[in-house]
Amino acid sequence: MKTIQEIERRFIVRSIDPDVRLSPSSEIEQGYFETRPDCSARVRLTDGTKPELTKKTGSGISRPEATEDDVTVASARFLLAPRIVDIIRK
């Protein structure tokens with residue numbers, strides 16, 4: 001398990017380079033489980049092959065985040081199944 005301090009950042013994008021689609025990219029599916037007001041879990045599947053489970057605690061723009069990489073693709077797909085969690089695709 002890896003623990004880091006997450007710093008939430010938001011940016012205003014004023015324009016997008018027309019060649020942005022030529023850049024390397026990944027498809028991310030993720031869903032959140034709210035367990036308490038100060039604790040949540042996120043399941044993420046990147047490019048359909050890299051699963052991870054993350055626990056976030058605290059509140060505000062900076063908070064601890066612990067990520068578990070020892071998760072199977074099958075487990076991530078089970079947690080991302082419709083009706084268990086709302087899925088965000090990016």
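When reading the values below, keep in mind they use all heavy atoms of this one structure, side chains included, and skip hydrogens, waters and symmetry mates.
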Residues passing the side chain to side chain contact (heavy atoms under 4.5 Å, CB included) test with A76, sequence neighbours excluded, are V43, L45, P51
Residues in side chain to side chain contact (heavy atoms under 4.5 Å, CB included) with R36, at least two apart?
->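 If we apply the side chain to side chain contact (heavy atoms under 4.5 Å, CB included) test to R36, skipping adjacent residues, the hits are D38, C39.
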Next item on the list: Answer yes when R42 and E52 have at least one side-chain N-carboxylate O distance shorter than 4.0 Å, and no when they do not.
Entry: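 Counted as a salt bridge, because a side-chain N and a carboxylate O are separated by less than 4.0 Å.
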> Under 4.0 Å between a Lys/Arg side-chain N and an Asp/Glu carboxylate O for K56 and E6?
Replying inline: yes
Residues R63 and S40: closest non-hydrogen pair is NH2-OG, 4.2 Å
Heavy atoms of L80 and Q30 approach each other most closely as CD2-C, 3.7 Å
Between atom [atom1] of [X] and atom [atom2] of [Y], what is the distance when rounded to the nearest 0.5 Å?
| X | Y | atom1 | atom2 | value |
| --- | --- | --- | --- | --- |
| K55 | F33 | NZ | CZ | 15.5 Å |
| L79 | L53 | CG | CG | 7.0 Å |
| E65 | K2 | CD | NZ | 8.5 Å |

Considering residues at least two apart in sequence or located in another chain, which fulfil the side chain to side chain donor-acceptor pair (under 3.5 Å) criterion with [X]?
| X | result |
| --- | --- |
| Q5 | S62 |
| T57 | none |
| S75 | T72 |

Can V71 be reached from I28 by stepping across I, L, V, M, F, W or Y side chains whose heavy atoms are under 4.5 Å apart?
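No, separate clusters.
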Check the surroundings of atom CD1 in I61: do more than 12 heavy atoms from other residues, nucleotides or ligands lie under 6.0 Å from it? no
Q. Counting only heavy atoms not in L22, do more than 12 sit closer than 6.0 Å to its CG atom?
A. yes
So the side-chain hydrogen bond (donor to acceptor under 3.5 Å, both in side chains) pairs with at least one residue in residues 16-27 (sequence neighbours excluded) are S26-D47
